[in-house]
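Taking it in order: structure first as structure tokens, then the write-up.
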Amino acid sequence: MNLFSEMHGTVAAALDALVADGTLPAGLDTAAVTVEPPRDPAHGDMATNAAMVLAKPAGLKPRAIAEALADRLAADPRVATAEVAGPGFINLRLDPSAWHGVLAAALGEGRDFGRSALGQGLKVDVEYVSANPTGPLHVGHTRGAVFGDALARLLDFAGYDVTREYYINDGGAQVDVLARSVYLRYLEAHGQEVAFEDGTYPGDYLVPVGEALKAEVGDAYVGRPEAEWLAPVRAFATDAMMALIRDDLKALGVEMDVFFSEKSLYGTGRIEAALDSLREKGLLYEGVLEPPKGKTPEDWEPREQTLFRSTDYGDDVDRPVMKSDGSWTYFAPDIAYHYDKVERGFDWLIDVFGADHGGYVKRMKAAVAALSQDAVPLDVKLMQLVKLYKGGEPFKMSKRAGTFVTLRDVVDEVGPDVTRFVMLTRKNDAPLDFDFDKVLEQSKDNPVFYVQYAHARVCSLLRKAEAAGLPASDAALRGADLSALGHEAELALARKIAEWPRLVEIAGRSCEPHRVAFYLYDLASELHALWNRGHDEPALRFLQEDDPAGSTARLALARASAVVISAGLGILGVTPAEEMR
RNA sequence: GGUCGCAUAGCUCAGCUGGAUAGAGCGCUGGCCUCCGAAGCCAGAGGUCCCAGGUUCGAAUCCUGGUGCGACCGCCA
């Protein structure tokens with residue numbers, strides 16, 4: 001139930017009526033007509049720009065349209081007043097019963113309140129994390145994982161059919177490096193002295209993998225040439241790393257639907273098939289690239305390569321898909337992977353990348369546009385860096401110094417809920433400060449705590465009500481008489497609740513889950529404000545000893561707030577707290 | 001040199017795909033607990049929305065050109 005879209009419908013109907021009675025000409029484009037909450041609450045509950053938008057095409061003065069429209073709107077039972085203001089806005093003030101209806105809907109629909117049909121069941125694929133299977137996930141991956149997962153949940157809530165996907169880069173040279181590193185640990189497990197040279201991964205996390213390999217194959221690979229063990233060790237090692245990564249993701253509450261292996265594209269003709277699709281369109285050719293402008297690499301020399309004509313689709317230069325030695329570039333399997341996504345029938349593709357992959361966006365979009373005949377849009381969300389702090393002091397990460405912070409470190413330190421919420425308090429394209437101490441602070445300054453506390457407060461209130469013998473179950477509150485709710489402070493909270501379905505659509509349309517976090521903060525803020533007013537004005541307290549009907553109505557208001565907080569936290573992947581410890 | 005992103009209060013940041021007098025938190029100033037809902041509450045001050053043009057009823061928001069900061073820029077993924 002979305003009160004804003006309902007009122008939008010009311011406005012549209014009123015406009016039709018004005019056309020019917022000849023006030024407005026027929027055939028007007030009303031697409032730009034909006035109904036939204038005004039920035040200044042003094043202007044009312046909702047405002048429409050219809051008169052201003054239609055004035056020019058209708059050949060009428062905004063004021064004239066506004067007045068006629070306002071008269072029509074005032075006739076709606078939910079509208080208390082409709083006033084023309086400013087350059088031609090119509091400010092609507094709603095009858096309290098309209099807000100009561102919203103609360104009843106929230107209690108009736110529960111955590112599904114606010115679900116939208118925006119996505120119309122379109123199939124969207126969200127690819128995120130996709131970290132190389134060469135080690136544990138670090139903080140940067142964590143942000144991408146949280147964002148991608150929240151985006152997937154948001155789009156699901158907004159009516160899309162969402163698939164969450166992880167691309168395993170298990171086909172390139174880096175997994176050979178992994179295999180050699182694991183082999184060294186394997187030799188170590190057999191008591192040999194080993195040295196980790198450049199080009200190997202010295203991390204301790206491979207020690208148990210080396211031991212596990214020993215447990216599995218004994219000394220079969222000791223002293224054998226690389227050609228004998230490289231392939232099996234590589235498979236063993238990537239499996240071990242993916243198990244590690246899945247565990248890391250699980251600790252954060254992230255579950256993928258699909259793990260897609262890059263390796264599965266090799267030797268199966270799938271890369272060739274994808275490139276053939278481009279070749280048929282005349283988008284592949286043999287050629288030599290110009291050196292990059294500005295700073296030419298020292299060892300630059302012109303080489304002929306197989307190039308993808310990505311410039312036809314907005315890229316700056318054409319991109320190589322095959323190296324001069326005849327092997328694929330990393331771009332080739334990526335093309336094949338996205339070709340596969342297109343073939344699987346997705347209507348919309350989203351890739352979540354680190355900001356350092358920004359230079360890769362245009363060619364990927366070009367590839368998807370070419371492969372899908374411009375039918376499937378690809379959006380790439382770039383994640384900015386996470387800056388770590390502890391007690392206000394920057395926390396420098398260094399692999400060598402051993403202060404490399406992993407996803408597991410963060411989750412162990414502050415828990416998955418705090419990790420997720422904090423990571424979603426900033427836009428994906430803005431850098432994020434993460435202070436290990438501040439995020440655990442139990443104070444109003446900490447948004448995580450503030451929102452959790454609001455939910456816990458309502459839970460506590462309901463427990464108290466139940467103890468006092470008041471009906472506090474959802475079933476009881478659902479049918480409650482809400483007519484006692486009329487105070488401005490109470491209606492302010494109801495208004496905020498009414499915005500939830502609208503916010504879901506705005507956040508969904510822009511792929512910005514952080515808006516949910518900010519909304520929840522605002523909603524919590526309204527709830528706390530009402531609670532605090534009860535301090536000075538006992539009449540506003542939720543529980544009124546001598547007024548069970550009024551108490552029940554207020555409990556319904558409180559519970560509706562909690563329901564929305566719970567639904568919103570669900571989108572962020574955060575557990576709503578029932579009590580604060 | 002090019003591409004992408006960012007630029008809003010002293011600080012950290014929101015800002016509804018173009019709406020009215022630009023918001024929040026922190027910090028600052030001033031009030032508020034012998035008792036009833038203080039892990040606080042209320043009020044106030046604080047702005048060249050980076051600059052210059054443009055689009056229109058209307059721009060922090062869209063376009064163009066600058067400035068500053070960051071990321072990236074041929075066979076590493």
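In what follows, chains are A, B, ... by sequence order, proteins preceding strands, each numbered from 1.
- Across all strands, A:Ala32 comes closer than 4.0 Å to no nucleic acid atom at all (heavy-atom distances).
- In this model, the phosphate group of B:U3 is not approached by any side-chain N or O of A:Lys362 to a distance below 4.0 Å at OP1 or OP2.
- Taking a centre distance below 5.5 Å and an interplanar angle below 30 degrees as the stacking criterion, A:Phe89 stacks against the six-membered base ring of B:A20.
- For A:Glu512, the listed nucleotide lying nearest its side chain is B:G15; candidates were B:C41, B:G74, B:G15.
- Put simply, the side chain of A:Asn91 and the base of B:A20 share a donor and an acceptor less than 3.5 Å apart.
- OP1 or OP2 of B:G15 sits under 4.0 Å from a side-chain N or O of A:Lys427.
- Only the P atoms considered, B:A14 is 30 Å distant from B:G58, to the nearest whole Å.
- The 12-atom threshold is not exceeded at CD of A:Glu197, counting heavy atoms of other residues, nucleotides or ligands nearer than 6.0 Å.
- Set against B:G74, B:G15, B:A20, the side chain of A:His43 has B:A20 as its closest nucleotide.
- Surrounding CD of A:Gln442 are more than 12 heavy atoms belonging to other residues, nucleotides or ligands, all under 6.0 Å away.
- Within the nucleic acid shown, A:Phe542 comes within 4.0 Å of at least one base atom, counting heavy atoms only.
- Here the CG-OG distance, from A:Asn532 to A:Ser525, works out to 9.5 Å after rounding to the nearest 0.5 Å.
- Judged by closest nucleotide on RNA chain B, A:Pro431 is the one of A:Gly359 and A:Pro431 placed further toward the 5' end.
- For B:C62, the O4'-C1' to base torsion is more than 90° from 0; the nucleotide is therefore anti.
- Ring geometry, A:Phe259 versus A:Tyr166: the interplanar angle falls from 30° to 60°, so the pair is classed tilted.
- Look at B:A14: it lacks any Watson-Crick or wobble partner with both distances under 3.5 angstrom.
- OP1 or OP2 of B:U17 has not a single side-chain nitrogen or oxygen of A:Arg509 nearer than 4.0 Å.
- Remark: B:A52 base-pairs with B:U64. Criterion, Watson-Crick or G-U wobble with two distances under 3.5 Å.
- Of the two residues near RNA chain B, A:Asp429 and A:His528, the one whose nearest nucleotide lies more 5' is A:Asp429.
- Residue side chain A:Arg533 does not reach the base of B:C41 through any donor-acceptor N/O pair under 3.5 Å, judged by distance alone.
- With C1' as the reference atom, B:G66 and B:G19 are 29 Å apart, rounded to whole Å.
- Rounded to the nearest Å, the gap between the C1' atom of B:A22 and that of B:U48 is 14 Å.
- Below the 3.5 angstrom threshold, one finds a donor paired with an acceptor across the side chain of A:Tyr453 and the base of B:A39.
- One atom, CZ of A:Arg426, and another, P of B:G25, lie 15 Å apart when rounded to the nearest Å.
- Pairing for B:G19 goes to B:C57, judged as Watson-Crick or G-U wobble with the two contacts each under 3.5 Å.
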